[in-house]
Amino acid sequence: MIVSWNTTNACNMYCAHCYRDAGCKVDEELNTDEAKKLLGEIARAGFKIMIFSGGEPLMRPDILELVRYAASLKLIPVFGTNGTLITEKMARDLKDAGAKGMGISLDSLDADKHDKFRALKNAWQGAVDGMKNCRAVDLPFQIHTTVMDWNQHELEALTDFAVEIGAKAHHIFFLIPTGRAENIETESLRAKSYEEVLRRIMKKQQEVSIELKPTCAPQFLRIADEMGMKLRFKRGCLAGLSYCIISPRGKVQPCAYLNMELGDVRKTPFDEIWRNSDVLKKLRTLDYGGKCGVCRYKNSCGGCRARAAVYHDGDFMSADPICLI
């Protein structure tokens, strides 16, 4: 089970696709004591992997203290970060605090394209330096790429780069037009290209030893099955089943791209929200509409619930419109 907490809305970038519309710290972000209480409730709910995300989580002054506390609860602390703040000292401090892995964003091998997308000069070099600093202290890291029409041709080369620089995995995120990404919806892949890209990723997986994982693209499990591949992943969309996300202010959502407030951890313990939310209970029925409801891959794929909601007026149980079958 995996939970992601957007530790802060503060960020040193202004990325075009940010679902959280991050940039400046917002009022009423969870303080250190509230964060520790939340971490305890996450552990009590049975979660194992604790993703510290943002904004940029390394802009939070107490982040090392929180990582240490999470580790003390037997959670597995990992990060989603832009990588630019990972000095060698920070990498060592994170490892010493108990961090087990860093997910570092890299969207192109062309530094100018990455910098433009992330709205920060030298963002590309900062991310690569962050990877090298992790490698220097033996802190595992993986590369995260958001795929769109303008960079989809680079994916195999980015995987090769990940292997070369020592990444443990390359996770490829498919654009969901929420938050600021609503403004770049036209750059997202359409059904035919989406299918082709997933097949390319699975083919590349057969050629490399590191893990390739499409995210917000649950149809990769169908494609892997069609290609006769055996993966460790058993379920595509995890929203509400074994994954959810918490905002900087403590609001719980089924996933990053389903902007539905299920509860406030300041008012209701997280484990109670996870157990009792009507929305989460509905997601757990797998009672999908349209073609997702009758698909033989319903239990393994499940369709992207966030994409279904975006393109069906908020109906998160409707069919995922991008699937070719």
Side-chain angles (χ1 to χ4, degrees), residues 13-19 80 82-84 103-128 130-131 141-178 180-224 226-227 229 231 233 236 257 304 306-307 310-311 320-325:
M13 295 185 179
Y14 197 77
C15 303
H17 66 312
C18 183
Y19 64 85
N82 62 48
T84 61
I104 300 175
S105 299
L106 197 73
D107 301 302
S108 177
L109 293 178
D110 184 322
D112 290 338
K113 288 181 180 179
H114 178 85
D115 291 1
K116 181 180 179 181
F117 186 59
R118 297 279 166 176
L120 181 71
K121 187 177 181 180
N122 296 322
W124 188 92
Q125 191 60 56
V128 172
M131 296 174 199
F141 68 93
Q142 62 190 43
I143 290 180
H144 291 170
T145 299
T146 298
V147 60
M148 290 157 290
D149 59 0
W150 56 267
N151 68 348
Q152 58 95 6
H153 65 283
E154 292 190 64
L155 294 179
E156 290 90 345
L158 279 160
T159 294
D160 290 338
F161 178 82
V163 172
E164 178 184 343
I165 202 167
K168 303 299 183 183
H170 183 199
H171 285 200
I172 299 164
F173 292 72
F174 285 69
L175 186 71
I176 305 293
T178 59
R180 282 202 293 268
E182 290 181 359
N183 300 318
I184 58 170
E185 190 275 340
T186 56
E187 298 178 23
S188 62
L189 299 182
R190 288 347 193 203
K192 184 177 179 181
S193 295
Y194 174 83
E195 183 91 359
E196 290 172 350
V197 167
L198 284 177
R199 290 190 181 278
R200 284 169 46 203
I201 294 169
M202 291 298 95
K203 183 177 184 296
K204 188 66 175 177
Q205 179 65 92
Q206 294 173 324
E207 302 169 1
V208 296
S209 58
I210 68 170
E211 175 184 278
L212 304 187
K213 168 64 165 61
T215 298
C216 300
Q219 291 81 9
F220 84 94
L221 286 173
R222 164 178 59 81
I223 290 170
E226 291 171 353
M227 295 173 65
M229 299 174 64
L231 305 178
F233 307 104
Y257 309 102
C304 176
R307 191 181 293 110
V310 167
Y311 292 101
D320 183 345
I322 207 168
C323 182
L324 281 183
I325 67 166

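Contact check for K204 versus E207: side-chain heavy atoms found under the 4.5 Å cut-off. Using a 4.5 Å heavy-atom cutoff, the side chains of F220 and L212 are not in contact. Taking 4.5 Å as the limit, every side-chain heavy atom of Y257 sits out of range of all side-chain heavy atoms of R307. Considering only heavy atoms from C-beta on, M227 comes within 4.5 Å of Q206 through its side chain. The shortest side-chain heavy-atom distance between V197 and L189 falls under the 4.5 Å cut-off. Put simply, the side chain of L106 reaches to within 4.5 Å of the side chain of M131, judged on heavy atoms. Looking at L221 and F233, their side chains come closer than 4.5 Å, going by heavy atoms from C-beta outward. Taking the side chain as every heavy atom from C-beta outward, C304 and I176 approach each other to under 4.5 Å.
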Let me have the donor-acceptor pairs involving side chains of residues 168-175, under 3.5 Å, with sequence neighbours excluded, atom names and distances please.
unit_1	atom_1	unit_2	atom_2	d
H170	ND1	T159	OG1	2.7
H170	NE2	T145	OG1	2.9
H171	ND1	Q142	NE2	3.3
H171	NE2	E211	OE2	2.8

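In this structure, the separation between CZ on F161 and CG on L109 is 6.5 Å, given to the nearest 0.5 Å. Expressed to the nearest 0.5 Å, how far CD of E154 lies from NE2 of H114 amounts to 11.5 Å. For the atom pair CH2 (W124) and OG (S108), the distance works out to 9.0 Å, reported to the nearest 0.5 Å. Annotation: the span from K121 atom NZ to D115 atom CG amounts to 9.5 Å, rounded to 0.5 Å. The structure places CG of D320 at 10.0 Å from SG of C216, a figure rounded to the nearest 0.5 Å. Once rounded to the nearest 0.5 Å, the distance linking OG1 of T146 with NE2 of H17 reads 3.5 Å.
Remark: E185 engages R190 in a salt bridge, criterion side-chain N to carboxylate O under 4.0 Å. For K203 and E156, the salt-bridge test fails: no basic side-chain N is under 4.0 Å from an acidic carboxylate O. Ionic pairing of R200 and E196 is not present here: no N-O contact between side-chain nitrogen and carboxylate oxygen is shorter than 4.0 angstrom.
There is a side-chain donor-acceptor pair under 3.5 Å between N82 and T84.
In this structure, A16 and I184 approach most closely via the heavy-atom pair O-CD1, 3.8 Å. Between I104 and A127, the shortest heavy-atom contact is CG2-O, 3.9 Å. Here the closest non-hydrogen pair linking A217 and Y194 is CA-OH, 3.0 Å. Here the closest heavy-atom approach between residue M202 and residue A224 is recorded as SD-CB, 3.9 Å.
Under the 3.5 Å distance criterion, the side-chain polar atoms of Q205 are matched with a main-chain donor or acceptor of I210. In this structure, the side chain of Q219 does not engage the main chain of C323 through any donor-acceptor pair within 3.5 Å.
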